[in-house]
Amino acid sequence: MDRRSILKIAGTISAAVAATAAFPRIVFAAYSQKAFKNPSVEDSLNQLFGSNATTPSDDIKLKAPDIAENGAVVPIEVSTSMKADQIAFMVKENPNPLAIVANIPAGTEAMVKTRVRMGKTTQVTAVVSSNGKLYTASKEVKVTIGGCGG
Amino acid sequence: MKRIIQTTLAGAIGLGVAFSALAGPVDDQAAFQKYYESRFPNTPTEDFANGVYSILPEAREQWESIEEFPPYELAIENGEKLYHSKFANGKSLADCFGPEGAVRGQYPFWDKDRGMVMTMERAVNECREANGEKPYRWKKGKIADVTAYMSFNSRGQEVKVEIPTDDSRALAAYEDGKEHFYTKRGQLNFACADCHLLTAGNLYRADTTSPAFGHATSWPVFRSKWQSMGTLHRRFAGCHNNIRANPYKAQGTEYSNLEYFVTYMSNGLEFNGPAARK
Amino acid sequence: MKNGLKNIALGLALMSPLAFAGNGTTAAHIEAATGAYKQVAKETSYQWTVTVQAIKAAKKALEQGDDAGARRLAHEAMNLVNATRSQAKIEAETWQMRVPK
Amino acid sequence: MSSIRIKAKERNGSVDVKTLMKHNMETGLRKKKDGSKIPEHWITDVTAESGGKTVFTAAFNTSISKDPYLAFKFAGNKGDTLKISWKDNTGKTDSAETAVK
């Protein structure tokens with residue numbers, strides 16, 4: 001990283017724009033509450049997409065560590081070559097598995113990166129909604145209780 | 001990598017050294033660095049500045065992902081503001097450390113007039129006090145933000161701590177830090193060297209210990225465990241707590257001398273703070 | 001080295017809680033542990049967190065009227081102080097073994 | 001100052017966006033010292049707009065890490081304006097704008 005670059009970029013960000021306009025409504029906002037407060041992966045999928053019938057797909061790239069350095073900050077990345085409408089990410093054993101749902105409009109790449117919290121070792125699943133069907137990729141991420149660092 | 005060979009210092013060894021078995025700082029440093037280089041032959045020397053990520057490929061991937069937009073950037077921004085904000089007398093930290101505060105490479109140093117190790121954090125607070133301001137608290141918060149900004153502007157400066165030969169107290173401070181590093185303490189009976197030298201890279205429960213070579217280059221650090229920024233002395237205290245030894249005071253003699261020793265051991269690396277750690 | 005170990009053994013014998021386990025009030029025992037703790041901290045700059053915790057727990061137990069518990073904790077603290085002292089003595093002579101040559 | 005930091009760089013017609021939002025993201029599971037729960041407080045929705053078009057939206061749960069990080073890519077050009085806004089469960093909102101580099 002260029003040590004100077006960060007500050008220059010930061011400098012170009014304009015001061016806070018007062019958010020006076022109504023917040024743009026996200027299409028799935030109507031049922032998001034139920035999907036997000038739900039202990040079951042299947043029920044969350046039902047709430048989100050009206051279906052929990054999923055097909056595993058090799059066309060989804062799910063990047064998540066085998067062993068999380070710190071369960072509070074686990075970097076994840078989901079991308080797919082499919083034409084995706086939505087990408088969701090689930091952490092199975094979290095109190096509420098659904099962590100994020102991203103809407104991918106036309107012209108936007110089917111890719112999302114974020115950092116999630118994980119309570120314990122569990123399966124994580126990327127769900128891609130494409131042409132009304134749900135495709136998944138899963139892997140296990142180990143969360144350890146640290147000795148000194150964690 | 002350039003290594004600092006201080007031949008003049010080598011000549012002065014033996015004066016004021018209590019044990020005949022003790023090698024001087026220059027020999028200490030060479031043996032210390034060689035130890036890590038032969039223990040981790042796949043790690044390029046300069047990469048030791050990246051802590052445990054220099055020896056753990058899988059953890060490194062996550063770290064690099066965090067560094068894409070590191071949480072310490074917010075600290076750098078806040079530090080920049082604090083650095084340039086005016087004291088009541090109209091001056092600012094910039095009057096002490098220049099327009100960018102790019103002085104990381106000058107610390108820690110032996111302050112002959114005061115007979116003590118001067119750290120960058122101490123210098124910041126002394127600048128504030130000299131201008132009639134209250135000092136920041138030592139371990140986290142504003143001190144970490146300001147030094148994050150200063151360290152960031154100093155990235156790439158070489159670690160070249162000197163132990164002046166014309167003041168035996170400097171060597172004594174170094175020896176004190178060295179003894180601290182190699183001495184077991186706490187109920188768990190660990191020395192810094194046990195985890196971070198003799199068994200560096202081994203697992204302690206679920207954690208791999210980091211090499212001590214490079215330990216002092218990257219501060220302040222945003223630790224995921226803290227979810228905040230902290231100074232090197234905050235980490236020293238955390239480590240001591242882990243081994244059930246009462247931590248010493250941040251910026252007290254013990255930790256300042258320890259910083260003097262540990263940083264000297266990393267001479268030749270580059271300062272690369274602030275950084276993100278687990 | 002040999003002398004050092006002898007001194008440690010002697011120190012342990014003298015400081016052993018057994019030497020005064022039967023005498024004095026529990027409060028005195030807590031005070032003795034606290035005093036020894038401070039003394040070791042002063043002499044060696046070594047302190048263990050668990051010792052502080054044991055002393056605090058002893059004081060709390062005494063406040064709550066658990067005399068036997070408080071006494072047990074005071075002795076535990078004293079043992080920890082003695083162990084700290086031994087560690088400091090051993091380390092003063094052996095720390096250099098860990099320095100890479 | 002806005003709570004949102006944005007880096008947006010164009011390459012081959014694709015804008016690589018990285019953003020960090022300063023927010024505590026309270027899960028509602030953490031407890032204060034007195035044992036009472038800290039109420040949940042988290043960013044629920046994020047929207048990115050460029051050239052009058054919504055280019056990305058996401059809904060977060062409380063399991064997104066503190067100071068959320070989000071990266072995505074959309075079709076755009078250097079100099080385009082990118083506006084990112086968030087809304088949290090208390091109805092608070094914030095936004096920031098930047099020009100694509």
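So that the names make sense, note that chain A is the first sequence line, chain B the second, and so on, each numbered from 1. If you're wondering where the values come from, they're calculated on a predicted model, not measured in any experiment.
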Next on the checklist: Can you tell me which portion of A/Lys142 sits under 4.5 Å from chain B's heavy atoms? Options are side chain, backbone, both or neither.
Outcome noted: neither
Item to check | Part of B/Glu61 lying under 4.5 Å from any heavy atom of chain A | outcome: side chain
Checklist entry - Hey, what do you get for CD1 (B/Ile66) to CD (A/Glu69), rounding to the nearest 0.5 Å? => result 8.0 Å
Checklist entry - Given a strict heavy-atom distance threshold of 4.5 Å, which part of B/Phe190 is in contact with chain A: side chain, backbone, both, or neither? => result neither
Checklist entry - Charged N to carboxylate O under 4.0 angstrom, B/Glu68 versus A/Lys113? => result yes
Item to check | Non-hydrogen atoms of B/Gln227 and A/Ala72 that approach each other most closely | outcome: NE2-CB, 4.3 Å
Next on the checklist: Please determine whether the number of non-hydrogen atoms from other residues, nucleotides or ligands lying under 6.0 Å from atom NZ of A/Lys139 exceeds 12.
Outcome noted: yes
Checklist entry - For A/Asp58, does the CG atom sit with more than 12 other heavy atoms under 6.0 Å from it, leaving out its own atoms? => result no
Checklist entry - Between the side chain of B/Glu58 and the main-chain N/O of A/Ile67, is any donor-acceptor distance below 3.5 Å? => result yes
Item to check | Separation of B/Arg277 CZ from A/Asn70 CG (nearest 0.5 Å) | outcome: 14.0 Å
